Amino acid sequence: MSISFEIDEKVTGIARRTTEFVRDVVLPAEESCGGNVHDGPEPLRRRLQEAARSAGVFAPHVSAEWGGLGLDLRGQAVVFEAAGYSLLGPLALNCAAPDEGNMHLLEVVATEEQKERYLRPLAAGEVRSCFAMTEPAPGAGSDPRALTTTATRVEGGWRIDGRKWFISGADGAAFAICMARTSGGPGDAGGATMFLVDADNPGMKIVRNIDTLDQGLFGGHSEVAFEGCVVGDDAVLGAVDEGFTYAQVRLGPARMTHCMRWLGVARRAQDIALERAADRSAFGKPLAELGMVQQLLADSEIDIETSRAVLWRACWELDQGRSAAQHTSIAKTYVSEAVNRVVDRAVQVCGALGISKDAPLSRLYREVRPFRIYDGPSETHRWAIAKRAVRAARDRRASL
Ligand SMILES: Cc1cc2nc3c(=O)[nH]c(=O)nc-3n(C[C@H](O)[C@H](O)[C@H](O)COP(=O)(O)OP(=O)(O)OC[C@H]3O[C@@H](n4cnc5c(N)ncnc54)[C@H](O)[C@@H]3O)c2cc1C
């Protein structure tokens with residue numbers, strides 16, 4: 001088996017332009033709002049996306065047919081990391097969560113009509129979207145099979161009823177992709193269906209915007225009620241009862257694109273720590289010459305390099321058309337924890353400055369923490385990784 005991580009000229013060019021664009025345009029914009037975009041400042045989003053379009057870096061993940069630059073996942077890994085150097089970089093390139101994952105899902109699963117109606121404006125940045133799966137207890141969380149939201153047959157369509165929460169970007173989204181149960185009951189492994197619900201549907205309501213630790217996801221995270229929410233048959237995304245299968249289509253790559261973006265944040269935190277360690281002296285020498293600081297800096301370099309390696313490996317697997325569940329679980333778990341370690345060490349190296357709002361580190365610190373929870377908490381992934389490893393070992397033994 002040969003694994004290719006060759007980065008071609010097209011990707012190198014887009015990555016270079018992204019780095020320059022982020023440095024010159026996006027970082028100043030992040031500075032001016034302190035990275036707080038939970039209230040969804042629409043003029044800022046429009047201005048940044050227009051600038052990204054002019055810089056030739058807009059929608060790198062979307063195929064050319066839908067107005068993007070058509071990069072595969074390995075190409076995205078390089079460019080998204082460069083975009084992730086600023087908290088607002090992915091928003092500017094229109095490759096932020098949850099829109100980026102929804103674009104991928106729509107490209108793979110939607111009908112041509114649905115693509116024209118939902119994917120085209122989303123890929124162009126004209127509208128935003130959200131993905132509504134998680135529910136308050138006892139509903140779907142790390143165990144999606146606990147899904148309680150129902151969709152029942154009515155004449156000409158479906159009626160959706162249920163409560164969702166932590167739905168990123170719901171406030172201000174033009175539509176939601178809502179997961180609802182069309183057969184079976186909570187605990188069943190199948191029976192879920194995805195629905196495209198227009199936000200102006202009177203049966204879909206934002207109940208509240210949840211006050212969370214992070215502030216950098218455009219539109220924040222909302223609790224959303226679906227009450228007597230009637231949609232037509234044309235709102236079904238893919239086939240009825242196949243929602244859990246499609247969720248994997250979305251989640252595998254979406255986990256990796258989260259890793260790419262947060263790796264950019266880790267690189268930025270480490271750059272800040274390196275600069276500070278070189279400039280600040282204590283006990284007669286620069287911090288950078290103190291052994292324990294060197295260990296912090298070295299461990300972060302190791303974390304960043306190893307994160308990139310496991311991430312690119314998983315991307316290569318996905319680019320080959322494989323499900324790569326084990327590789328994406330390993331990458332998601334490793335990178336989410338490594339990124340947290342890197343930012344935490346950078347805070348330590350910078351001392352009190354790291355905690356203050358004078359340096360962007362405190363902002364990066366609060367943003368990276370939730371990544372160990374969403375798209376599968378570390379514990380859920382470890383549980384799945386171990387189960388797959390044991391199964392593979394059993395299969396190997398049985399085939400002897
Ligand atoms: C910032 C943020 C944004 C989000 N955006 C969205 C969104 O846009 N759309 C959406 O649908 N959801 C979203 N979520 C929800 C997210 O997907 C869930 O939080 C996640 O799936 C975990 O579910 P839960 O919070 O209900 O935790 P629970 O299911 O209650 O799990 C709690 C804890 O139990 C432990 N645990 C779980 N499973 C296992 C296991 N098998 N073995 C051992 N321990 C285990 C873990 O420590 C886990 O953290 C978001 C969450 C956050 C924090």
Side-chain angles (χ1 to χ4, degrees), residues 35-38 40 87 90 96-105 128-149 160 162-173 175-181 186-187 189 192 194-195 197 199 204 206-226 237 243-244 246-248 250-252 254-255 257-258 261-262 265 325 329 332-333 336-337 339-340 364-390:
N36 291 353
V37 289
H38 264 198
L87 296 172
D99 290 332
E100 172 267 322
N102 287 346
M103 289 179 224
H104 173 69
L105 180 65
R128 292 194 294 105
S129 64
C130 65
F131 185 78
M133 170 124 137
T134 306
E135 302 167 339
S142 35
D143 182 2
R145 295 170 308 178
L147 187 71
T148 58
T149 297
I160 305 169
R163 184 63 68 107
K164 304 285 184 180
W165 76 345
F166 287 93
I167 307 309
S168 303
D171 193 2
F175 68 93
I177 299 175
C178 174
M179 187 83 116
R181 191 168 274 295
M194 287 186 177
F195 292 91
V197 183
M204 176 181 154
I206 306 281
V207 177
R208 65 177 174 128
N209 292 330
I210 304 168
D211 196 2
T212 55
L213 173 69
D214 65 312
Q215 294 294 314
L217 197 293
F218 199 85
H221 316 287
S222 303
E223 186 163 346
V224 182
F226 293 87
L237 180 58
F244 287 136
Y246 302 137
Q248 292 315 311
R250 184 183 187 282
L251 283 175
R255 280 180 191 131
T257 53
H258 272 309
R261 293 180 288 254
W262 292 122
V265 163
S329 275
K332 198 280 170 177
T333 310
S336 64
E337 295 178 2
V339 162
N340 271 272
L364 307 184
Y365 192 75
R366 83 184 175 218
E367 295 302 325
V368 294
R369 182 59 182 87
F371 185 33
R372 286 168 49 198
I373 294 173
Y374 56 72
D375 278 13
S378 292
E379 294 74 20
T380 319
H381 280 295
R382 281 198 169 84
W383 174 68
I385 290 165
K387 279 201 302 182
R388 289 190 207 103
V390 169

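Both ligands and their constituent atoms are indexed starting at 1 by order of listing. In what follows, residues are counted from 1 in the order of the sequence shown. Computed from a prediction, not measured in an experiment: that's the story for all the values here.
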* To do: Establish whether atom 47 (O) of ligand 1 and some protein heavy atom are separated by less than 4.0 angstrom.
  => yes
* In the protein, which heavy atom is nearest to atom 10 (C) of ligand 1, and how far is it? -> T134 OG1, 3.3 Å
* Structure fact -> min-distance protein heavy atom vs atom 45 (C) of ligand 1 -> E379 CB, 3.8 Å
* Asked: Do H38 and T212 come within less than 4.5 Å of each other through their side chains, counting heavy atoms only?
  -> yes
* For atom 19 (O) of ligand 1, grab the closest protein heavy atom and report residue, atom and distance to one decimal in Å. => I373 CG2, 3.7 Å
* **Candidate pair R163 and E135, rule salt bridge (Lys or Arg N to Asp or Glu O under 4.0 Å), full reasoning** => CA-CA 6 Å; R163 184 63 68 107; E135 302 167 339; over 6 Å; no
* Asked: Quick one: does ligand 1 sit under 4.0 Å from the side chain of K164, the backbone, both or neither, non-hydrogen atoms only?
  -> neither
* Is R250 positioned over the aromatic face of F131, cation under 6.0 angstrom from the ring centre and no more than 45 degrees off axis? -> yes
* To do: Might you point out which heavy atoms bring K332 and I373 nearest each other, and give the distance in Å?
  => NZ-N, 4.3 Å
* Asked: For atom 26 (O) of ligand 1, which protein heavy atom lies nearest, and how many Å away is it?
  -> G141 CA, 3.4 Å
* Given A146, S168, P98, which one has a non-hydrogen atom that is nearest to atom 8 (O) of ligand 1? -> S168
* Which residue owns the protein heavy atom closest to atom 51 (C) of ligand 1, what's the atom, and how far is it? -> Y374 CB, 3.7 Å
* Asked: Any protein heavy atom under 4.0 Å from atom 33 (C) of ligand 1?
  -> no
* Structure fact -> Among W383, F166, F371, the residue with a heavy atom nearest to atom 7 (C) of ligand 1 is F166
* Asked: Which protein non-hydrogen atom lies closest to atom 9 (N) of ligand 1, naming both residue and atom, and how far is it?
  -> F131 O, 2.8 Å
* Protein residue, atom and distance nearest to atom 38 (N) of ligand 1, heavy-atom basis -> T380 OG1, 3.1 Å
* To do: Using a strict 4.0 Å cut-off to heavy atoms of P370, name the atoms of ligand 1 that fall inside it.
  => 1 (C)
* What pair of heavy atoms forms the shortest contact from A132 to I167, and how long is it? -> CA-CD1, 3.7 Å
* Compute the shortest N/O to N/O distance between P377 and ligand 1 and return yes if it is under 3.5 Å, no if not. => no
* For atom 22 (C) of ligand 1, closest protein heavy-atom neighbour -> S142 N, 3.7 Å
* To do: Identify the two heavy atoms, one from A146 and one from P138, that lie closest to each other, and give their separation to 0.1 Å.
  => CB-O, 3.7 Å
* **Crowding at CZ, F371 (>12 non-hydrogen neighbours, <6.0 Å)** => yes
* To do: Verify whether the ring centers belonging to Y374 and H258 lie closer than 6.0 Å.
  => yes
* Could you tell me whether the side chain of E100 reaches within less than 4.5 Å of the side chain of P90, counting heavy atoms only? => no
* atom 30 (O) of ligand 1 within contact range, any protein heavy atom under 4.0 Å -> no
* S222 and D171 side chains, donor-acceptor separation under 3.5 Å -> no
